[in-house]
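Working notes for the structure below.
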Amino acid sequence: MIEFRNVSKRYDGSFAVDDLSFTVAEGAIGVLIGTSGSGKSTALRMVNRLIDPSSGTIHLSGTTVEQLPPVKLRRRIGYVIQSVGLFPHWTVERNIGTVPHLLGWPKAKIRDRVAQLLDLLRLDANAVRHKYPHQLSGGQQQRVGVARALAADPDVLLMDEPFGALDPITRTALQDEIAFIHQQTKKTILLVTHDIEEALKLGDTIALLDRGKLVQAGTPRDLLTAPANDFVRDFFGGANLGLRLLEIETAATVMRPEKRIDGERNEAEAIPASMSLHRALSLMVARGVDRLPVVDDKGAPQGTLHLADLAKR
Ligand code: ADP
Ligand code: MG
């Protein structure tokens with residue numbers, strides 16, 4: 001768990017972060033979002049004490065961060081930044097093994113851990129472990145950066161615009177990777193981004209900041225359907241509000257319980273209950289149908305999705 005309690009950071013009389021209270025539950029992904037200069041990075045960096053707050057406290061599963069010496073604290077917290085920060089003269093293997101090495105792990109254990117992490121990040125261990133950062137693509141470097149942050153199995157992962165410099169396709173792939181890793185490891189993650197789609201896709205809880213102040217915190221659905229004010233509405237909604245809602249909701253949430261369509265159910269055309277409404281809508285349009293059978297992950301009929309019900313939303 002990560003909890004900010006009335007946290008402020010002041011520079012020369014102006015607040016970079018102003019009385020922030022926000023909690024990321026154990027094992028959840030929290031997102032700090034806002035325009036440039038809204039205080040996201042400052043808030044994040046107070047968690048691993050790269051910056052100390054002017055007032056307020058930050059709690060990490062039972063302790064406050066100020067109770068832990070920064071070096072010890074940072075070994076419990078993985079940190080991924082946009083510019084990766086890999087050591088250029090170290091191989092991939094050595095980069096990933098940085099913290100385990102500092103912790104005095106035996107060489108064989110480090111080697112195994114590196115192989116395991118490269119596998120988790122879908123990098124070919126034999127092909128990349130002895131390479132240097134400049135020999136890798138931007139996406140591969142960022143994967144190595146994530147692997148390095150996870151190396152000593154930290155309790156918490158902090159990510160500051162980790163995919164900001166990547167092209168859209170690589171970025172989407174890495175977002176999927178983070179969702180997968182999160183599913184596998186159940187780490188508590190705090191992610192900073194200014195990308196709305198990224199926040200809605202990955203966040204269990206999202207905090208929208210503006211000029212250092214928390215404007216609203218809640219689930220993606222809260223922010224889209226119950227914005228606290230016009231600022232929130234404009235930030236998340238704009239012209240795309242309808243599409244974004246379809247993106248975060250799944251077929252399971254709106255299907256009708258009918259398990260056959262007028263007696264002529266075609267299983268080949270069924271969609272999984274976990275499919276986003278956005279994708280389901282695209283499929284309906286592409287196939288020229290107004291209903292789709294919905295099945296669970298074992299292929300058992302669950303219900304029927306109606307175009308009319310999507311349009312209502
Ligand atoms: P974000 O990550 O949301 O873009 P930052 O947390 O980096 O925002 O910065 C928030 C505000 O605090 C900005 O106005 C920035 O100029 C100011 N700020 C950040 N770091 C410092 C510093 N070391 N000294 C003075 N002002 C700072
Ligand atoms: Mg920043």
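As the structure lists them, so they are numbered: ligands from 1, and atoms in each ligand from 1.
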Donor on one side chain, acceptor on other, Ser8 and Asp19, under 3.5 Å =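 The answer is no; no qualifying pair exists.
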ask   = Quick one: do the Thr304 and His306 side chains pair a donor with an acceptor below 3.5 Å?
value =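 Judged by distance alone, the side chains do not pair up.
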Less than 3.5 Å apart, which donor and acceptor atoms pair up between the side chains of residues 85-92 and the rest of the protein, not counting sequence neighbours?
residue, atom, partner, partner atom, Å
Thr91, OG1, Arg94, N, 3.1

request  = Compile the protein residues with any heavy atom at a distance under 4.0 Å from an atom of ligand 1; present them by chain, then by number.
outcome  =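 Residues within 4.0 Å of ligand 1: Tyr11, Ala16, Thr35, Ser36, Gly37, Ser38, Gly39, Lys40, Ser41, Thr42.
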message = Closer than 2.8 Å to the Mg ion (ligand 2), what protein N/O/S atoms do you find?
response =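 Protein N/O/S atoms under 2.8 Å of the Mg ion (ligand 2): Ser41 OG.
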request  = Please report the C-alpha distance between Glu26 and Lys186 in whole Å, then the side-chain angles of each, then the deciding distance to 0.1 Å, and finally whether the salt bridge (Lys or Arg N to Asp or Glu O under 4.0 Å) criterion is met.
outcome  = CA-CA 8 Å; Glu26 190 74 41; Lys186 280 292 162 201; over 6 Å; no
key: side chain to side chain donor-acceptor pair (under 3.5 Å) against Thr64, all qualifying residues, sequence neighbours excluded   =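 Side chain to side chain donor-acceptor pair (under 3.5 Å) check on Thr64 returns Gln67.
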request  = Find out whether the Lys NZ or Arg CZ of Arg122 is both under 6.0 angstrom from the six-membered ring centre of Phe180 and within 45° of the ring's axis.
outcome  =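 Geometry flag: set, cation within 6.0 Å and 45°.
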message = If you count heavy atoms of other groups shown closer than 6.0 angstrom to CZ of Arg49, is the number above 12?
response =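 Yes, the 6.0 Å shell around CZ holds more than 12 heavy atoms from other groups.
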ask   = Out of Lys40, Lys201, Arg171, which residue meets the salt bridge (Lys or Arg N to Asp or Glu O under 4.0 Å) rule with Asp195?
value =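 Exactly one pass, corresponding to Arg171.
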ask   = Would you call Arg211 and Asp18 a salt bridge, taking side-chain N to carboxylate O under 4.0 Å as the test?
value =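 A salt bridge is absent here (no side-chain N lies under 4.0 Å from a carboxylate O).
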